[in-house]
Each structure stands twice: as C-alpha cells, then as structure tokens.
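What follows is a set of notes on a single structure, which appears directly below.
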Amino acid sequence: DIEKIRAANLDFIIRFAAGRVEGDVLESSRFGVWYYHLGADDAQAHPAGFWEIYKGNATSSCSLRRLGAQAQSDRTLKWGRLKTLNASYSANLSQLLIQGSRLLAQACLDIGNGVDPVIQNSSPLVGNPARHEPGSFECVMFYLRLKRNKLKNFYTNLFVHRHWGLALSFSPIEDLWLRPNSADVSLLPLPSRATFHADPFGFCYQDGLAILHERWSSIDAHGAIACSFIDKDSLDELRLKPTSETDPAIPAVETLPVDIKFSHHSSYPYVFEYEGEYYCVPETSEAARVSLYRFGGSSGEWTYITDIISDFAAVDSSIVRYSGKWWLFCTNLKDNPDSHLYIFHADELLGPWKPHLNNPVKMDIRSARPAGTPFEHEGALYRPAQDSSRSYGGAIAIQKVTDLSPISFAEEHCGDLKLLADNLRVDGMHTLSVAGESIVLDYYRRAFLPNILVHRLKLYLQSKRRK
C-alpha cells in the first residue's frame, strides 16, 4: 500500500531483486528507490565483473543508483571504480560486492549530514541494451584469458621493473596537461641501477633548488628520505636549455644530508611553506602516524614538531591551506591505498585534525591517491592524483576540486600527463610538486634489475611458505 509507505516517512527504499519498479512507489520515500549496479557502466552486464575481464578492461565499476520512471532517467548516487582483478573472476566479483556495499553507508552519511546524495551535475544515464549472457565459446575463451593473465601478471611482477628518476620543468603548470607538446621538461640523469629516486618535493635553498625525495635501495629493499641540490648556475642552464633527454652537460647533482631517519620504510617527503618556513610530512604509514617536521634553515636540519594524526596509516599525505582551512589528502594503507581517498581538516596546522565525515570520500583507481602538491589555478584548487588503473605509477591525473567541506567533497577530471610522458619517451610518472618557479616530477623507465628480481623472488617464496 503506497499510502502506508508514505506514512512511514522513509528516506529511501532499496531494491535488491532483478527487474524494474514502476509507478507511485518511486516517489513514496524522500529519496526514491535505490539499487546496486555492478560491472560495466554502459549496460546491464551479467554476470557482474565478467565482461571487464573478457574484454581486457583496466577497471571495473560499481554504483548505487536511483530508479527513474524509465531506465534513461536513472541517476547515480555514489560510484566507485576499481582495478580489474583480471586473473580471478571470483576475486573481481568479490571486490565489487564488498566495495559496492560501502556506497550505501556513504549515501546514508550524506543524508545524516544534510547533503543530497545525488552526485553533483548527475545527468540521466544512457539506456544501452543489456549484454547477453556469455555462451559456451565465450566461457572457454574467458577461461583461457584468465590463465593468460595470470602468467602475464607473474612474469611482469618478477621481470619487468621500474627505474625511477627525477625531472624539472619551468613551464606554467597548466602546460603539462593542456599543452604538453610545448612544455619544457628536463630529465635528470637516472641514479645507479641499484637505486631509485622518486616522490620529489622541492624548496628554495641557498639560491638553488633543494629536492627532498625517496631514495630506495634495491640492495636492502629499504626506502629513506634523501636530498638532492641543484645550484643556481645549473638551474639557469636548464632554463635556457631544456631537454627531454638526459643531458651529460648538466653538472652532477649534489647530495645534501637529511636528518629524517626511521627504522621502517619512509617516502613521499611532502614539503610546503607556511609563514616563511618550510615544513615536511614524510610518509610513514607503517608507523601509523603523520609526523610534522620544520626546516632549520642554514643548519639544514629538519626538526620534529609533533604527530598531527595518530593511529592512522596515511599514505602520501598532502597538505594544503585553502579557503581559510587546512586540508590533508591521503589514502589508507589498510584500505585500498591506490583507490580510496581520505580527507582530514583542521583550523590550525598543529590541529586538532578531524576526519572528513564521509571518509573515504572517493573510490577511484584512476584518480584517488595523491600525486604531489595541490595548487590553485584560475581561482580553483587542483589536485594531482595517481592513475594506477593500468599499473602503479602509470600516469598523473589532474583533478579540479569543485566542492570541499567537512561534510562533502567533489572533483572533476581535467586532464592527465600521459601525452607529456609519451613526448619524453618515459613509461610513467607519479609525483608532481611545485617549488617556487620550478616544477619537480619523477618518471620511470622499464628495465630489468637483477636486485629487484632477487627481492621479489624472496617475497614470493615467503608468501608461499606462509600459505
């Protein structure tokens, strides 16, 4: 009875059965009738998670939708996009079910916080026809593709390695994604094959550019914070003579001591300036805390100030002051760190820092994990993010933040650095930071590195023994 349903004053009704619901029941609750949609965006694809593997799609999606009078008028409430687990159908389906179930909780939080759960600017969905159920031939091909993907993943993990290095640009930051063909970027020489340099963050020091970055050694499989320094003359040379290839005429980059040492892995030494002083928040997710350090100036030391967040395994914490408030973007080591975005906020740098009321605010393997310094451009806040849909470190996405408050968040995709990476003839990038008039990036080239092979073999054998 529709009147009894209306009298219950429900916020929403959720439909778990197949088929559509029509008539007055669609408007009998405050936010209508909701349903889950798992798998492909453009069609009712059954079984869920099957066709993404069959067609070789990099991502699989899940969404919570509101029923309209017709399929074309359905609207998306919440959605997530995950990396397709292409070697196991059960694993791919399970992640869609588990992560999809969280969308309902997030929509309920929105309602409790007084936020309309309908995605901003959500337009009616295109009513494409449902895909047919897979036939015998397609099931056989699917089985063969699962086996092929499993072998390919095993080979790639063991034998295809990434050799990371640093790069500099003096172009306007928007050129990197809007006009990549005209952007001037200089690749610094790659370190030795036993060492990676990645996650760079620069700051002005002694008329030159100091770059804090992760230095990962394949000998001990340990990441630590290091500092490279480029003097003023070398910077001027780079400005006048940018190049997309390693230039042997560039003087060797000087290494400066850094007094930020941990017994566990550390990386992503996020640097920012506030009231004339430089601060650093290195990633120490294994210690489950976010620690703040201040630069000692001429002494070159970094002084520990405090832990601004405790008991949370934050990955790639990126802090920015925007609209009179401090914001910290990160992911969670214990909760899909490549695809689930978390936000914290505070009125003062030293806190107290509070979690966003709808964490994780976003689930998207293509643009969740931070990839460097958020920046303002034409009055709006932009956020570099990692696109790991194809592989880790695959590309940098540029996201424009359109809504940011303690109870709501939204952003839109504006572009990426894939064409820039192609022009530089590198295989991927995953960090972009702003340092005065300079932009510091990292990049990698695929290589076979024996030390990495040995390290990964050890990890593989350890996992087998644990099983």
Side-chain angles (χ1 to χ4, degrees), residues 162-190 197-204 208-213 228 230 232-251 253 270-271 318 320 366-367 369-391 393-401 411-446:
R162 302 175 183 88
H163 195 190
W164 289 93
L166 308 181
L168 275 176
S169 175
F170 301 99
S171 295
I173 193 166
E174 63 271 18
D175 283 2
L176 300 183
W177 77 90
L178 293 177
R179 294 173 288 276
N181 291 329
S182 62
D184 293 328
V185 179
S186 297
L187 304 181
L188 301 184
L190 284 167
H197 289 172
D199 296 342
F201 292 91
F203 61 97
C204 299
L209 179 66
I211 305 172
L212 283 187
H213 58 85
S228 297
I230 304 175
K232 182 179 182 300
D233 292 340
S234 296
L235 288 176
D236 290 341
E237 181 181 351
L238 288 172
R239 285 190 182 95
L240 295 173
K241 188 184 176 183
T243 174
S244 63
E245 287 296 319
T246 299
D247 189 344
I250 297 176
V253 178
Y270 184 88
V271 175
S318 302
V320 64
R366 305 167 303 172
S367 59
R369 184 169 175 171
T373 311
F375 57 91
E376 291 189 51
H377 174 58
E378 296 181 346
L381 181 65
Y382 288 76
R383 192 180 67 87
Q386 294 188 38
D387 181 352
S388 297
S389 57
R390 292 288 178 183
S391 65
I396 297 175
I398 304 297
Q399 304 294 116
K400 181 181 179 180
V401 177
E411 63 181 10
E412 59 187 33
H413 181 70
C414 293
D416 57 55
L417 273 58
K418 293 178 181 177
L419 183 55
L420 178 67
D422 290 342
N423 292 343
L424 295 171
R425 294 190 286 277
V426 301
D427 296 311
M429 297 174 158
H430 79 348
T431 307
L432 176 158
S433 66
V434 180
E437 297 179 353
S438 308
I439 300 170
V440 190
L441 308 101
D442 60 10
Y443 69 95
Y444 79 83
R445 286 192 167 122
R446 294 188 185 95

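Every value quoted in this text rests on a predicted model; they were computed, and no experiment measured them. Heavy-atom basis, side chains included; hydrogens, waters and symmetry copies ignored.
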query = Does any pair with a residue in residues 413-423 pass salt bridge (charged side-chain N to carboxylate O under 4.0 Å, His left out), and if so which ones, sequence neighbours excluded?
reply = Asp387-Lys418
note = In short, Ser391 meets Tyr444 closest at the heavy-atom pair OG-OH, 3.9 Å
request  = Evaluate the side chain to side chain contact (heavy atoms under 4.5 Å, CB included) criterion for residues Ile211 and His197: first the C-alpha distance (whole Å), next the side-chain angles of each, then the deciding distance (0.1 Å), finally the verdict.
outcome  = CA-CA 11 Å; Ile211 305 172; His197 289 172; over 6 Å; no
key: side chain to side chain contact (heavy atoms under 4.5 Å, CB included) assessment of Phe170 paired with Asp184   = CA-CA 7 Å; Phe170 301 99; Asp184 293 328; over 6 Å; no
request  = Please report the shortest heavy-atom distance between Gly372 and Thr431, naming the atom on each side.
outcome  = CA-CG2, 4.3 Å
remark   = Distance col, row Asp427:CG vs Arg446:CZ, nearest 0.5 angstrom, shows 4.0 Å
task = Please assess Tyr270 against Thr373 for the test side chain to side chain contact (heavy atoms under 4.5 Å, CB included), listing each intermediate value before the final yes or no.
result = CA-CA 8 Å; Tyr270 184 88; Thr373 311; 3.8 Å; yes
ask   = Any sub-3.5 Å donor-acceptor pair from Asp442's side-chain atoms to His430's backbone N or O?
value = yes
ask   = Which heavy atom of Arg445 sits nearest a heavy atom of Leu424, and at what distance?
value = NH2-O, 3.5 Å
key: Residue among Arg366, His413, Arg383, Glu412 satisfying side-chain hydrogen bond (donor to acceptor under 3.5 Å, both in side chains) with Gln399   = His413
inquiry  = Given 3.5 Å as the limit, does a donor-acceptor pair link the side chain of Glu411 with the main chain of Lys400, or not?
reply    = no
query = Quick one: CG on Leu432 to CD1 on Ile439, what's the gap to the nearest 0.5 Å?
reply = 6.0 Å
note = Taking every heavy atom of Pro180 against every heavy atom of Leu419, the minimum-distance pair comes out as CG-CD2, 3.5 Å
inquiry  = Quick one, Ile230 with Leu168, criterion side chain to side chain contact (heavy atoms under 4.5 Å, CB included). Give me CA distance, side-chain angles, the key distance, then yes/no.
reply    = CA-CA 11 Å; Ile230 304 175; Leu168 275 176; 3.5 Å; yes
message = Please report the interatomic distance OH(Tyr443) to CD1(Ile396), rounded to the nearest 0.5 Å.
response = 13.5 Å
key: Euclidean distance, Ser433 OG relative to Ile173 CD1, rounded to 0.5 Å   = 9.0 Å
ask   = If every non-hydrogen atom of Ser318 is compared with every non-hydrogen atom of Pro374, which pair is closest and at what distance?
value = CB-CD, 4.2 Å
task = Kindly give the heavy-atom pair with the smallest separation between Ser169 and Leu441, and that separation in Å.
result = CB-CD1, 4.3 Å
remark   = Distance col, row Leu420:CG vs Asp175:CG, nearest 0.5 angstrom, shows 10.0 Å
task = Decide if atom CD of Glu437 counts as having more than 12 heavy atoms of other residues, nucleotides or ligands within a radius under 6.0 Å.
result = no
inquiry  = For Phe375 and Tyr382, take the angle between the two ring planes, folded into 0 to 90°, and tell me which bin it lands in: parallel under 30, tilted 30 to 60, perpendicular over 60.
reply    = parallel
request  = Please round to the nearest 0.5 Å and tell me the distance separating atom CG of Asn181 and atom CZ of Arg179.
outcome  = 11.0 Å
